[in-house]
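See structure below.
Everything numeric here is computed off the predicted structure, so don't read it as measured data.
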Amino acid sequence: MLGDSGSIENEILLLDKLNEAPIPQEPRRMEIIVVALCLKGKAQYTIDTQEQMVKRNDVLIITDRHILDNFMASPDLEGLAIILSVEFFRAAIQKVSDFSSLFLFSKDHPVVSLSQTEADIFVSYFNMLKEKMADTEHRYRRDLVRTLLLAMFYDLSNVIFRIQHRSDTHQTRADILFSRFIHLLEKNYKHERRVGWYAEQMCITPKYLSETIKQVSKRTPNEWIDNYVMLEIRVLLKNTTKSIKQIAQEMHFPNQSFLGKFFKEHVGMSPSEYRKG
């Protein structure tokens, strides 16, 4: 790939020549996560039909399920891009709420203007990732890259915090309902997985909740619930020594067998195989 600055299989790709990135010329629903920084020039594109403009020191965040189209760049465009598979991003996070916070923020702020210091920090992370990814003999290469990504996302979260506390962006009713649903989900997904329960807490019908969530996020409430449960199980399997039986109890599955079946349906392997891998 042009401008390829490093990759790990189909999990993460670094591009240091944003102007040479193979951007599709037709509408494309994204199945990846893209975080890119414009260093020079301009670019414009639409995400879910909304036009966006990117200039120097702007970072753009595109999460999966959104439709990218009409990308045009100035001849002098320069920038860096980190392209992640959704699975690799999920593997990198340590808290399930980190996934939704990035999604919620990027939905309302697909382009963010960084200060020069913040832009320099992004470039530093990019260069560190490039260096570590090039060291194919490093025994902990993949884990090291995931850790660097996690640190980078925490720095991005600090930018998110700054912007959210000064933002007076008007939210639609659908956006407000979606945010309420996500906040409810973050607090209750370990023990409550019924769409009807969430609708009841929000004093709306399950049908209206489902239609609204699908409209705003391109995912159904059931998909969001399953995402949260799966992410938490992955984190517990990879970052704790709890037994699968203990994890099943913590996640309020009837027994270990139910958890194993649920996990295999979504991941294609058993929890024990995932933990070993």
Side-chain angles (χ1 to χ4, degrees), residues 5-16 30-37 59-65 79-107 109-110 112 114-115 117-136 138-164 182-183 185-186 189-190 224 227-242 247 250 266-267 271 274-277:
S5 203
S7 64
I8 297 180
E9 296 173 356
N10 295 317
E11 296 180 327
I12 175 172
L13 174 68
L14 302 183
L15 295 174
D16 56 12
M30 305 296 284
E31 301 296 337
I32 53 177
I33 292 172
V34 178
V35 182
L37 174 68
V59 65
L60 63 97
I61 305 169
I62 304 174
T63 54
D64 64 314
R65 301 294 181 95
L80 309 172
I82 301 172
I83 301 173
L84 305 168
S85 73
V86 177
E87 292 300 310
F88 194 68
F89 172 70
R90 288 173 177 168
I93 68 171
Q94 297 292 308
K95 293 190 298 180
V96 172
S97 60
D98 293 340
F99 180 76
S100 61
S101 64
L102 180 72
F103 182 94
L104 285 167
F105 182 78
S106 64
K107 185 180 69 66
H109 305 83
V112 178
L114 303 184
S115 67
T117 298
E118 291 165 342
D120 290 342
I121 290 172
F122 184 97
V123 173
S124 296
Y125 276 117
F126 185 93
N127 290 332
M128 280 192 288
L129 284 165
K130 179 179 177 180
E131 178 184 340
K132 298 306 179 184
M133 287 168 63
D135 186 4
T136 56
H138 198 299
R139 182 177 179 181
Y140 302 104
R141 175 175 172 247
R142 183 178 270 99
D143 291 331
L144 188 57
V145 168
R146 279 201 296 252
T147 302
L148 281 171
L149 277 172
L150 181 63
M152 186 192 78
F153 278 115
Y154 274 123
D155 264 325
L156 273 178
S157 294
N158 189 55
V159 175
I160 289 171
F161 182 84
R162 166 175 62 78
I163 292 170
Q164 284 178 331
I182 291 297
H183 292 314
L185 185 55
E186 285 181 355
Y189 67 90
K190 286 188 178 182
W224 273 106
N227 272 346
Y228 267 72
V229 174
M230 281 304 309
L231 282 169
E232 182 66 19
I233 295 173
R234 287 169 188 259
V235 169
L236 291 171
L237 287 170
K238 287 293 188 181
N239 299 296
T240 75
T241 57
K242 293 179 180 179
I247 294 172
E250 182 173 331
H266 288 82
V267 180
Y274 179 80
R275 173 169 266 172
K276 288 175 184 175

Could you state the interatomic distance from CG (L80) to CZ (F126), rounded to the nearest 0.5 Å?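 The distance works out to 4.5 Å.
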Mind checking the CD1-CG spacing from I121 to D155? Nearest 0.5 Å is all I need. 5.0 Å
In chain order, what residues pass the side chain to side chain contact (heavy atoms under 4.5 Å, CB included) check against [X], with sequence neighbours excluded?
X: S115; result: T117, E118
X: D135; result: E137, H138
X: N127; result: V123
X: H266; result: D226, M230, F262

Quick one: list whatever passes side-chain hydrogen bond (donor to acceptor under 3.5 Å, both in side chains) with [X], sequence neighbours left out.
X: E131; result: none
X: K238; result: none
X: E11; result: R142

Just so I know, are the side chains of [X] and [Y] near enough to count as touching, which here means a heavy-atom distance under 4.5 Å?
X: T147; Y: Y140; value: no
X: V145; Y: F88; value: yes
X: L37; Y: L114; value: yes
X: V35; Y: L156; value: yes

Between L237 and R234, does the side chain to side chain contact (heavy atoms under 4.5 Å, CB included) criterion hold? Intermediate values first, please. CA-CA 5 Å; L237 287 170; R234 287 169 188 259; 5.8 Å; no
One pair to check against side chain to side chain contact (heavy atoms under 4.5 Å, CB included): L13 and I32. What are the steps and the verdict? CA-CA 11 Å; L13 174 68; I32 53 177; over 6 Å; no
So Y228 and I182, side chain to side chain contact (heavy atoms under 4.5 Å, CB included) or not? Walk me through it. CA-CA 10 Å; Y228 267 72; I182 291 297; 3.6 Å; yes
Exercise: identify the closest heavy-atom pair between T136 and R141: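 For T136 and R141, the tightest heavy-atom pair comes out as CA-CD, 3.8 Å.
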For the residue pair R275 and T241, what are the closest heavy atoms and their distance? NH2-C, 4.1 Å
With sequence neighbours left out, write down each residue that passes ring-ring contact (aromatic ring centres under 6.0 Å, His included) with Y274, or none if nothing qualifies. F263
Using side chain to side chain contact (heavy atoms under 4.5 Å, CB included), reason through V59 and V159 one step at a time and then give a plain yes or no. CA-CA 11 Å; V59 65; V159 175; over 6 Å; no
